[in-house]
Number of protein chains: 2
Amino acid sequence: MSSANSLAVEDLGSAAQRDRRKRILDATIALASQGGFDAVQMRAVAERADVALGTLYRYFPSKIHLLVSALQREFERTEVALRDKPIEGDTTADRVISVLKRTTRGMQSDAKLTEALTRAFMFADASVAAEIHQVGMLLTSMLTRAMYPEGRDEVTEEDVQIARVIGDVWLSALVGWVTGRNSAAETGQQIEVAVRLLLRD
Amino acid sequence: MSSANSLAVEDLGSAAQRDRRKRILDATIALASQGGFDAVQMRAVAERADVALGTLYRYFPSKIHLLVSALQREFERTEVALRDKPIEGDTTADRVISVLKRTTRGMQSDAKLTEALTRAFMFADASVAAEIHQVGMLLTSMLTRAMYPEGRDEVTEEDVQIARVIGDVWLSALVGWVTGRNSAAETGQQIEVAVRLLLRD
DNA sequence: CGACGAAGTGGAACGTGTTCCTATTTTAGA
DNA sequence: TCTAAAATAGGAACACGTTCCACTTCGTCG
């Protein structure tokens, strides 16, 4: 299932291996939280995870794979946490904005971590496609659920297209923010404007 | 005018300096065209431009600055070339799509170069804000001109917002393409979908 | 013209991502 | 339980972005 890719959790047989993988991702998040992209140094991750450098590379074939996998895990957790909470807002646009703002706020509360993960995401090439795709699916599902909170299966082709466009804007806004070109307020506004343009009920 | 930034053309006094700068950017484009981001190695650029490594760093304080400056020059040329051509299309959406497709096609005809420049753009941080902003302005002006081909000054706040959203989608699509996650056809489609969602006359 | 500072040259050196190699430990199958 | 294969440890080595230094050349002002 994984070619030149990161070892996914399902690929790992023993508990020790799952634990190693977890330690590595924990170390990655910790270092990223503290110092951002540059602080996630492979030697430092290996040492902190109590793992040899070669082992780190056996689990994640590059720094980018490592960070995107960390992003994936974090995003899955966010999505699960969000799944339970009721979605506020009367109109579709309001609900989508609410979900996005909540997520964005979460990311902005740990700027260094977000910078590291976003940078990796933007730099990832085709060899990271699987992980990237997973993240994209999660985002789309978060957005379409916000559009149809009742769980109706009315998700049309156009809804998915809209979700994708919103995802694109969200990504651009995030990049603008992590690279210091936009303020947090501008980032939120940029997303809100896009949603309101796309979802005028 | 330039702090820790690239030396802009206007900052350069002598003709020899303008020529050095041009040689450096030419070398950058040539190497990028041939081998993409990874092939733009600072030693190689310096050698090809017939300039010492230290001089290269005096003109452009990092590889990212160098590539974004190259992007800026290329984009300015594209914009000038496009300025003369008449814009086809009856509806606003058609015209915008026409302009974007033309530009995208141009970039896709030199995939390696586009990969190098896009990667740099996505990786650029606040210290490259000036160059980035310039590129953003160019794109917005291209788009609003496509919306109002007559040159009327009817550009509203909403038009600018729409142009920005389209720019975001364009960037995301481009990133997806250069990183090998989307085909050229999918990239075009992604942009077209966004434009039609945003500009339903 | 002569001197002085700025700009350029050539190259050594450093940091970090990545690769590779050998020895040791763990795991799985007979 | 014993053994072969796989996984891990530990660390040297390499590549490329970046910095730095000593020296030379260029341009300007007295």
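Every chain is numbered from 1, with letters handed out A, B, ... down the list of sequences.
Side-chain proximity of R20(A) to the nucleotides dT18(C), dG17(D), dT8(D) is greatest for dT8(D). Side-chain proximity of K63(B) to the nucleotides dG17(C), dG8(C), dG17(D) is greatest for dG17(D). In the set dA12(D), dT18(D), dG17(C), the nucleotide with an atom closest to the side chain of S62(B) is dT18(D). The V51(B) side chain lies nearest to dT9(C) when the options are dA7(C), dT19(C), dT9(C). Among dT8(D), dG17(C), dG17(D), the nucleotide with an atom closest to any side-chain atom of R58(A) is dT8(D).
Here Y59(B) reaches the OP1 or OP2 of dG8(C): one of its side-chain N or O atoms lies under 4.0 Å away. Phosphate proximity of dT8(D) to Q17(A): present, with a side-chain N or O under 4.0 Å from OP1 or OP2.
Following rounding to the nearest Å, R23(A) (CZ) and dA7(D) (P) show an atom-to-atom distance of 17 Å. Between the CG atom of L66(B) and the C1' atom of dT18(D) there is a distance of 14 Å, given to the nearest Å. Between the CG atom of D50(B) and the P atom of dT25(D) there is a distance of 15 Å, given to the nearest Å. In this structure, F123(B) places its CZ atom 14 Å from C1' of dC16(D), rounding to the nearest Å. As rounded to whole Å, 14 Å separates atom C1' of dG17(C) from atom NE2 of H65(A). To the nearest angstrom, P of dT19(D) lies 12 Å from CG of L56(B). Across the protein-nucleic acid pair, M42(B) atom CE and dC16(D) atom C1' stand 11 Å apart, rounded to whole Å. One can place CG of L31(B) at 12 Å from P of dC16(D), the figure rounded to the nearest angstrom.
Using the six-membered ring where Trp is involved, F37(A) and F123(B) have ring planes that are perpendicular, over 60° apart on the 30 and 60° scheme.
Using a 4.0 Å cut-off between charged side-chain N and carboxylate O, E76(B) and R73(B) make no salt bridge.
Not one N or O on the side chain of R48(B) forms a donor-acceptor pair closer than 3.5 Å with the backbone of V45(B).
Checking V40(B) against A52(A), the closest nucleotide of DNA chain D that is more toward the 5' end is the one next to A52(A). If you find the closest nucleotide of DNA chain C to L53(A) and to Q41(A), the one lying nearer the 5' end belongs to Q41(A). Residue-to-nucleotide proximity on DNA chain D shows that, of A16(B) and D38(B), the 5′-proximal contact is made by D38(B).
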Trace of the salt bridge (Lys or Arg N to Asp or Glu O under 4.0 Å) decision for D26(B) with R21(B): CA-CA 9 Å; D26(B) 289 345; R21(B) 192 188 138 98; over 6 Å; no

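By the 6.0 Å contact criterion, CD on Q189(B) is open, its count of non-hydrogen atoms from other residues, nucleotides or ligands being 12 or less.
Here R43(B) lies in heavy-atom contact (under 4.0 Å) with a base. Across all strands, V45(A) comes closer than 4.0 Å to no nucleic acid atom at all (heavy-atom distances).
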